[in-house]
Amino acid sequence: MKPNEFDVIIIGGGITGAGTQRDCAMRGLRTLLIERSDIATGATGRNHGLLHSGARYAVNDAESAEECIRENMILRQIAAHCIDETDGLFITLPEDDLAYQQTFVEACRKAGIGAEIIDPELAKRLEPSVNPDLIGAVRVPDGSVDPFRLCAANMLDAKLHGGQVRLHTEVTGFIREGDTIKGVHTRNRQTGEETDYYATVTVNACGIWGQHIAELAGVKVGMFPAKGALLIFAHRVNNLVINRCRKPSNADILVPGDTVCVIGTTSTRIPFEECDNVAVTPDEVTLLITEGAKLAPSLSQTRILRAYAGVRPLVSADNDPSGRNISRGIVCLDHEERDGLKGFVTITGGKLMTYRLMAEIATDLVCKKLAVEKACTTAQTPLPGSEEKSYEAVAQKVWEAPTTAQKAAASRMGTRASRIRSSNRRDDDLICECEEVSVGEINAAIDRMDVSTLTDLRRRTRVGMGTCQGEFCACRAAGLLVKAHGCVERERKDLADFLQERWKGNFPIGWGDTLREAEYTQWIYKHALGL
Amino acid sequence: MKFDTVIMGGGLAGMVAGIALQQAGKNTAIVSMGQNALHFFSGTFESLQAPSERLAELFSAAGIRVHYRKGVRLMPLGTFKEAALSLDDIDLFPTPKFGRRVLIVNFLGYHDFFSSFLAEGLEKQGMECRIRFLSLPELDNAKAHGEMRSVQIARSMDRIWEKVAQEIRLLLKDEDTVILPQVFGLLDDTVPGRLRQAIPARVVFAGTMPPSVPGVRTQMQLRRRYELLGGTFLMGDQAIRAHEHDGVVHSIATHNLDAHYLEARNFILATGGLYSKGLVSNPFKITEPILDLDIDQPQDRNEWYNPTFAGEQPYMGYGVKTDEQLHAIKDGVAMQNVYAIGSILGNTRPELGSGAGLAINSAFAVVDQILRCTQNDNEEPATPVILSEAKNL
């Protein structure tokens, strides 16, 4: 095989694409993943980061609920360093119907979800931030998951199994011979370089953008973009996921994650053209704050760090342009069977929670097309970093007497923390003080995880995700990127882009301390540093 | 406690007003939270050209060394900016190409000085650059007490600058210019000058991530001068409310002084903008928290921001409304003994300049106004304040 030839090309660097690449690579296929931006830039990185127990779907969508709980249990085993096993509560407030609790618990049990009704007093002790007016509480095995870490770990494992990854590379067209897709034309968005890649099978794993990729291939996949807006609070107010025990509605899930917590979401149908640039409106912000405070009243006094929105990849289950038949389930389309187009597969729909199952389904189909008979092992094999369950044990092993910053690094990198260079003590210098990210951890990400911009670095290390929103660390990290890439001019622009990207999430909630911080950032970069 | 004038805010505007009033024989107090915009001062007095005689005298008496020349200065990220009146730490060049061969020296493990950006910026101007790192055991000790940041390094540098000069002499080959981080002269302001003399090349200091060492030093110099003149500096305190009657404020309450109100004939509000909490914001409006003064602002919050980070931000221009004499306006009426100066004015007084220039110009304007108004009055004798008592509260 030539260097540009593969068994399978996967388009899309979200969790579905990364998971599919991992599965294919583990089954011995030669894989290439192409992503036009960075990892987890679509719906993967723009949700709650909720490790669903499935309880939310139990009443209305038993199939999704069963999938969720199965995958939930698998992810706890294979993705320990991406997961926080917090548990969750479904609370009933005085304005909710307490009778729903019974329906809910029965549906959960039917789906195999351990749901236990607990005394509201116990709920308050377990989760002191919960609305003290609650009249009912159910405990479920919800948790939180870091989607960036999960996506990066899947991609890393694919690479460890020989896979190749091209980030910031856009598919501009397909190489087609008769009724068969033979490969893709691509263009690197940073260098402008154009390259063709060939493969027997190409997988479209582009989420909502899958509609566009399918069009390029000459087939139709109808997506129905639904925007969801979320807010990140600057503190981890809650330690358990808090949900409302009622029919799923707006802003009724509060998820703790690392140092923050996230409230969401809304659901608004948007035109497909807006998918690339979704904005959070003032009305959505108001709704999220008001509803969020009903779950945990202290949220109304908590500083908000950012507002952001994602687009759910909802898809019409068959070739139904009217959209009457929208499914939230997994959709795997064999375009040979469906449209007579050989060598092309679309995997879409689904959820972050079910990415592994989606990958398995897509890989089964790819293997069938390639006549490869190999069973899926992704459910049994821990991701790189997740070989050890406790990050404290990892930190202990790597550093003997770890500092809090080193423990933080171990919680982010899992067993991969042993790769942090500790050859000299300068590697312990902190670049990001909010999230305690060291020079060593940043260099490890630059070395191994395809980092070309500050925003890429943020997704892999949490640099700039903390309370200062990159005010102090962006410049420091830019210095390290210059050292790695050797191009100051590019880094100058990167720094400006990074600050713009941070501001985009700040101004919709620009008041109080958030606006103070933003004003300070403006002063520093414009007046004091001269960017 | 009774004063002629109580100044809320110990930044550049408040300090200049306090010093000028003390010099004119007034008895004043400054209530200062501690941190202010001087802590990220670039070293250039924005929007000021040549200093007035009055400003030159004030700086000179405070020991603040400034120089003036219309030119450009080097910014920490390797860009150049037009500048005029600046602290002596800042070099002003006629053109951006100020040398031929440049040695950029940083300290190993110091990430707040952007040597590669500087080098690229200078190379663009046709200068040759070489970057070298100094590893000093003294700084490793500093590191043991926390991360290496400007002020921590500057504390050591006051002691070990001679050793640094020696190391640089060893590094120096044929360079005509040496660029160093601006971490010299925190307490001893003679250090930058002595360092310049000890190195056989032109020494240029380039700024670091805040805190700004020259800014912190300037703040300390102003405070020392103010206290020497007999001013009462209430450090770590802040005004929390004003007591007014018929549009006249007679006293203010502060956080630390409890029921011991600060009474005065005049009050100057120099509490700064949003960052300094002179203004505060909530989802619906921007307010002035002590007196609830009038602020021009749009109803719709969406108009506060420019979605482009690098663009002009409308919210940064909002400030308290004042009349021609800078009397603060509340409910449409000018308060006769309350003045607003410095960045709490936002862009409402563009004729007074911006940044440091606005701080100084508005401070002098209000001082003159106060002095004019009280010239012919019989002043009541002021009650002296024992500072130690105030501090213990």
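Everything numeric here is computed off the predicted structure, so don't read it as measured data. Note on naming: letters A, B, ... go to the chains in the order of the sequence lines (proteins, then strands), and numbering restarts at 1 for each one.
When heavy atoms are compared at a cutoff of 4.5 Å, A/Lys504 does not approach chain B at all. Proximity to chain B is absent for every atom of A/Glu501, based on heavy atoms less than 4.5 angstrom apart. Only the side chain of B/Tyr315 comes within contact range of chain A, judged by heavy atoms closer than 4.5 Å. When heavy atoms are compared at a cutoff of 4.5 Å, A/Thr521 approaches chain B by way of both its backbone and its side chain.
Looking only at distances, a side-chain donor or acceptor of A/Gln500 sits under 3.5 Å from a matching main-chain atom of B/Pro307. With hydrogens and angles disregarded, no donor-acceptor distance shorter than 3.5 Å links the side chain of B/Ser42 to the backbone of A/His527. For the pair A/Arg492 (side chain) and B/Leu77 (backbone), a donor-acceptor distance under 3.5 Å is present. In this structure, the side chain of B/Trp304 does not engage the main chain of A/Trp511 through any donor-acceptor pair within 3.5 Å. Put simply, the side chain of A/Glu519 never gets that close to the backbone of B/Met316: no donor and acceptor are under 3.5 Å apart. Of the possible polar contacts, one joining the B/Arg301 side chain to the A/Pro508 backbone as a donor-acceptor pair under 3.5 Å is found.
Expressed to the nearest 0.5 Å, how far CZ of A/Phe472 lies from CZ of B/Arg149 amounts to 9.5 Å.
A 6.0 Å sphere centred on NZ of B/Lys97 holds more than 12 heavy atoms belonging to other residues, nucleotides or ligands.
Taking every heavy atom of both residues into account, B/Met75 and A/Leu529 meet most closely at CB-O, 3.5 Å.
In this structure, A/Tyr520 has its ring center closer than 6.0 angstrom to the ring center of B/Phe40.
For the pair A/Arg426/B/Met148, a side-chain contact is recorded, criterion being any heavy-atom separation below 4.5 Å from C-beta on.
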